[in-house]
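The block underneath contains the structure these notes are about, expressed in structure tokens.
The analysis underlying the following values was restricted to heavy atoms, covering all of them including side chains, and did not include hydrogens, waters or symmetry mates.
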Amino acid sequence: MVTSKAGGFEGPPAVVVLPMPETTPTGVGVVRCLGREGVPVVAVSCEKRPLSFLSRYVVERIGRPDPADDAVGFVEALAELGSRMPSRPVLFVTTDLQVACVNQWRAELEDRYLHPFLSRQALDACLNKQSTSRLAAYSGLSAPQTSYVSAESVDGYGDWSTFPAIVKPAAWVELSEDGIRQHDAFRAAVGGKAVRVANEAELENALAMAQQTRVPAVIQEEIPGASDQIFAASICVDRGGDSLAVFTARKTRQFPSDFGTGTMVESADYAAVTDASRELARAAGFWGVAEMEFKYDRRDGRLKVIEINPRAGTWISIAAAAGVNTPYLSYLELVGVPVPHVVQDRAPVKWIDAWQDWKYAVKYRSGDHTGARTTLGRYIASLRGRREYAYWSDDDPWPGMWRAMQIVKRLVGSTRARIRDRQTRQHHPRELPMTVQTR
């Protein structure tokens, strides 16, 4: 037990289950959100050397099975960890698969952890794109036109006529009577989150590929516009469904530019995003911390619901930097401490995943999927202002240093491989086809 700096009370530790791999910065963000408030953090990972283990805010480091390989073993390891602690810790998970496992086996965990366990209905509303679309309509909000296609048959999509459109899994983590299934095969097959289709022929090909990977899919209309038309919220909801706080922001860049993950996110107070997030959480019966994403559709001037993630987002540390520390507020609610009223800072903060953001600048200097160019001068100017980095932090430098070493190692390895390939071609040139001269 330690005394929280912010609340002046003795509280239990937090168990943070890190993502795999930690090139997704959600884990280190949640660790810092809690640790900076004086909450002792026990970090749990299936990686051998996760960078979050190096955080100064981690008091204990635990290995566990990867739920993608052994979901039962993952839950058993969590149950054993919770049972040996002197008081019930607060459990934070950082991926959709972890969320699904924890709620699927809640009977084994709810006596050992304080955690915002979700109903099956609430979980499905977050994880399944078709259910999210229905929830938006029920809440009086807008969502992209969506059509579901099963993994067994593509019958029934024939009346789709809205192009361009996108095809993507109906759920990255599927809940069924047979258990939990993660649909990584689709991402591996297409090399990304979704496939853009411009006509019926391309749509048929994309659906055939989804069937080959045995992934239920959705067809959605593509909302035009760059990534800076995407707005996000981190919301903290109490057990009764009341919103305790909402942080809002806008994406400046994402990589890849069309269906990617944010590389620069800038905080700002958007009342429409706040209201929509609260309505979605209430209608879903949600509890805990969620990340919600919307895109502004200039065609009709409305925000369209894109997705609900039943966990903290990759950029969660910017919420705390802007005065709305949703993971810590959830921690307070779970341990039964009055949650203070917080207000988002008016001064903007920029969250940057430096390496991914630089890759964006290099790749799209000639134009992103909308044709917008990224000049060096414009890119450098965009970095000005108050910043929060995905991995680097002055008060907690080791995770950022380890991340930098990983990147350097990868760059050195790829450079050596290119040099070896060039040398091989020089010493063993391809034989030219022999020509026969005839008179």
Look at [X] together with [Y] and state whether they make a salt bridge at an N to O cut-off of under 4.0 Å.
{"X": "Arg299", "Y": "Glu221", "value": "yes"}
{"X": "Glu222", "Y": "Arg196", "value": "yes"}
{"X": "Arg36", "Y": "Asp395", "value": "yes"}
{"X": "Lys251", "Y": "Asp228", "value": "no"}
{"X": "Arg56", "Y": "Asp396", "value": "no"}

How close do [X] and [Y] get, heavy atom to heavy atom, and via which atoms?
{"X": "Tyr360", "Y": "Ser257", "answer": "CE1-CB, 3.9 Å"}
{"X": "Val173", "Y": "Leu97", "answer": "CG2-N, 3.7 Å"}
{"X": "Val215", "Y": "Pro169", "answer": "CG1-CB, 3.7 Å"}
{"X": "Ile308", "Y": "Ala125", "answer": "CD1-O, 4.2 Å"}
{"X": "Cys126", "Y": "Thr132", "answer": "O-OG1, 3.9 Å"}
{"X": "Ser142", "Y": "Ala136", "answer": "O-CB, 4.2 Å"}

[atom1]/[X] to [atom2]/[Y] distance, rounded to the nearest 0.5 angstrom?
{"X": "Ile180", "Y": "Leu175", "atom1": "CD1", "atom2": "CG", "value": "6.0 Å"}
{"X": "Ile407", "Y": "Arg410", "atom1": "CD1", "atom2": "CZ", "value": "6.5 Å"}
{"X": "Leu244", "Y": "Arg239", "atom1": "CG", "atom2": "CZ", "value": "12.0 Å"}
{"X": "Thr274", "Y": "Glu279", "atom1": "OG1", "atom2": "CD", "value": "13.0 Å"}
{"X": "Ile219", "Y": "Ile166", "atom1": "CD1", "atom2": "CD1", "value": "11.0 Å"}

(message) Within the 4.5 Å heavy-atom criterion, are Thr261 and Gln254 side-chain neighbours or not?
(response)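 Thr261 does not reach Gln254 side chain to side chain.
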Between Phe231 and Tyr270, is the ring centroid distance below 6.0 Å?
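That pair passes the under 6.0 Å test.
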- Message: Ring centroids only, cut at 6.0 angstrom: are His115 and Tyr113 within range, meaning strictly under it?
- Response: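 Judged by ring-centre distance (under 6.0 Å), His115 and Tyr113 do not meet the cut-off.
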* Arg253: which of Thr263, Asp353, Asp357 passes side chain to side chain donor-acceptor pair (under 3.5 Å) ->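 With Arg253 as partner, Thr263, Asp353, Asp357 yield a single side chain to side chain donor-acceptor pair (under 3.5 Å), made by Asp357.
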Examine the side chains of [X] and [Y] and answer whether a donor and an acceptor come within less than 3.5 Å of each other.
{"X": "Arg298", "Y": "Tyr296", "answer": "no"}
{"X": "Gln220", "Y": "Lys168", "answer": "yes"}
{"X": "Trp105", "Y": "Glu110", "answer": "no"}
{"X": "Ser52", "Y": "Glu22", "answer": "yes"}

Quiz prompt | Ring-face cation of Arg181 near Trp172 (centre distance under 6.0 Å, axis angle within 45°) | solution =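 No, Arg181 and Trp172 do not form such a contact.
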Whether the side chain of [X] engages the backbone of [Y] through a donor-acceptor N/O pair (distance < 3.5 Å, no angle test) should be reported.
{"X": "Asp66", "Y": "Ala68", "value": "yes"}
{"X": "Arg387", "Y": "Leu383", "value": "yes"}
{"X": "Asp238", "Y": "Asp242", "value": "yes"}

Original post:
Listed by chain and number, what are the salt bridge (charged side-chain N to carboxylate O under 4.0 Å, His left out) partners of Glu80, not counting sequence neighbours?
Top reply: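 For Glu80, the residues satisfying salt bridge (charged side-chain N to carboxylate O under 4.0 Å, His left out) (neighbours in sequence not counted) are Arg84.
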Solution key, residues 312-326 side-chain donor-acceptor pairs under 3.5 Å, sequence neighbours excluded:
{"from": "Trp315", "atom 1": "NE1", "to": "Glu291", "atom 2": "OE2", "distance (Å)": "3.1"}
{"from": "Ser317", "atom 1": "OG", "to": "Trp351", "atom 2": "NE1", "distance (Å)": "3.4"}
{"from": "Asn325", "atom 1": "OD1", "to": "Tyr328", "atom 2": "N", "distance (Å)": "3.3"}
{"from": "Asn325", "atom 1": "ND2", "to": "Cys33", "atom 2": "O", "distance (Å)": "2.9"}
{"from": "Thr326", "atom 1": "OG1", "to": "Ser234", "atom 2": "OG", "distance (Å)": "2.8"}

